[in-house]
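Report on the structure given below.
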Amino acid sequence: MSDTFERIRRVVVKIPRGKVMTYGDVARAAGLPGAARAVGYAMRALGRTVPWQRVLGRKNPRSAHITIVDARGKAEQRRLLEKEGVKFDPRGAVPLATFGWIPRLPKRLR
DNA sequence: GACATGACGTAAT
DNA sequence: TATTACGCCATGT
């Protein structure tokens, strides 16, 4: 397991129930700003050992809502999130203002 | 080591 | 709003 994956894992496992983060935010919180792609790759590798369903994607820049990216596990992901209380709007998106979660970051990384 | 690919994000056009 | 281009990181060929 690479050091990068370990850092990503440490962030993901802290996401509280009923909250979600974007790939980009996870990367930033892990000290890897801009490495959203690596987070996606890591999520696939980590699989069900972490609360993978709480990581969604920001479809458009500056968008206030995020959507499920993983096409293969999308149905299960949505079911798990709704069970935790996360609400999806008619377009299948989640409002960040309500369910988004940003962890406290070391000052160095902010 | 070069190159392509992928559960991504952002800025420019 | 849609498309394009590029940056980022790990893997596989």
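All chains are named by letter (A, B, ...) in the order of the sequence lines, taking the proteins before the strands, and each is independently numbered beginning at 1.
When rounded to the nearest whole Å, the span between CZ of A/R7 and P of C/dC9 equals 10 Å. Between A/Q77 atom CD and B/dA7 atom C1' there is a gap of 8 Å when expressed in whole angstrom units. Separating the CZ atom of A/R28 from the C1' atom of C/dG7 is a distance of 16 Å, rounded to the nearest angstrom. The CE atom of A/M21 sits 11 Å away from the P atom of B/dG9 (whole-angstrom rounding). One interatomic measurement links the two molecules: CD1 of A/I68 to P of B/dA7, which rounds to 15 Å at whole-angstrom precision. At whole-Å resolution of the value, CG in A/L46 and C1' in C/dT11 are 14 Å apart. Between the CH2 atom of A/W52 and the P atom of B/dG6 there is a distance of 20 Å, given to the nearest Å. As rounded to whole Å, 15 Å separates atom C1' of C/dC9 from atom CE of A/M43.
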All N/O contacts under 3.5 Å from nucleotides 2-4 of chain B to the protein, with atom names and distances to one decimal?
none

Between the protein and nucleotides 10-13 of chain B, which nitrogen or oxygen pairs are less than 3.5 angstrom apart?
unit_1	atom_1	unit_2	atom_2	d
B/dT10	OP2	A/R58	NE	3.3
B/dA11	OP1	A/R62	NH2	3.2
B/dA11	OP2	A/R62	NH2	3.2

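Side-chain atoms of A/Q53 never come within 3.5 Å of backbone atoms of A/R79 as a donor-acceptor pair (strictly under, hydrogens ignored). Distance alone, capped at 3.5 Å, is enough to place a donor-acceptor pair between the A/E84 side chain and the A/G18 backbone.
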Determine whether A/R44 and A/D70 satisfy the following criterion, side-chain contact (heavy atoms from CB on, under 4.5 Å), listing intermediate values before the conclusion.
CA-CA 9 Å; A/R44 194 184 60 180; A/D70 177 16; over 6 Å; no
For the pair A/V26 and A/M43, evaluate side-chain contact (heavy atoms from CB on, under 4.5 Å) and give the outcome as yes or no after the intermediate values.
CA-CA 11 Å; A/V26 170; A/M43 292 310 296; over 6 Å; no
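Summarising the geometry, atom CZ belonging to A/F88 is positioned 6.5 Å from atom CG belonging to A/L56; distances are rounded to the nearest 0.5 Å.
Where A/Y41 and A/G34 each meet DNA chain C at their nearest nucleotide, the meeting point lying more 5' is that of A/G34.
For A/T4, no side-chain nitrogen or oxygen approaches OP1 or OP2 of C/dC9 to under 4.0 Å.
For the pair A/K87 and A/T98, the minimum side-chain heavy-atom distance is 4.5 Å or more. Under the 4.5 Å side-chain criterion, counting only non-hydrogen atoms from C-beta, A/R17 is in contact with A/R54. Using a 4.5 Å heavy-atom threshold, the side chains of A/V39 and A/V12 count as separate.
Across the P atoms, C/dA5 and B/dA4 are found 15 Å apart, a figure rounded to whole Å. Straight-line distance between the P atoms of C/dC6 and B/dC3: roughly 15 Å, to the nearest whole Å.
Of all heavy-atom pairs spanning A/I8 and A/A42, the tightest one is CD1-CB, 3.8 Å.
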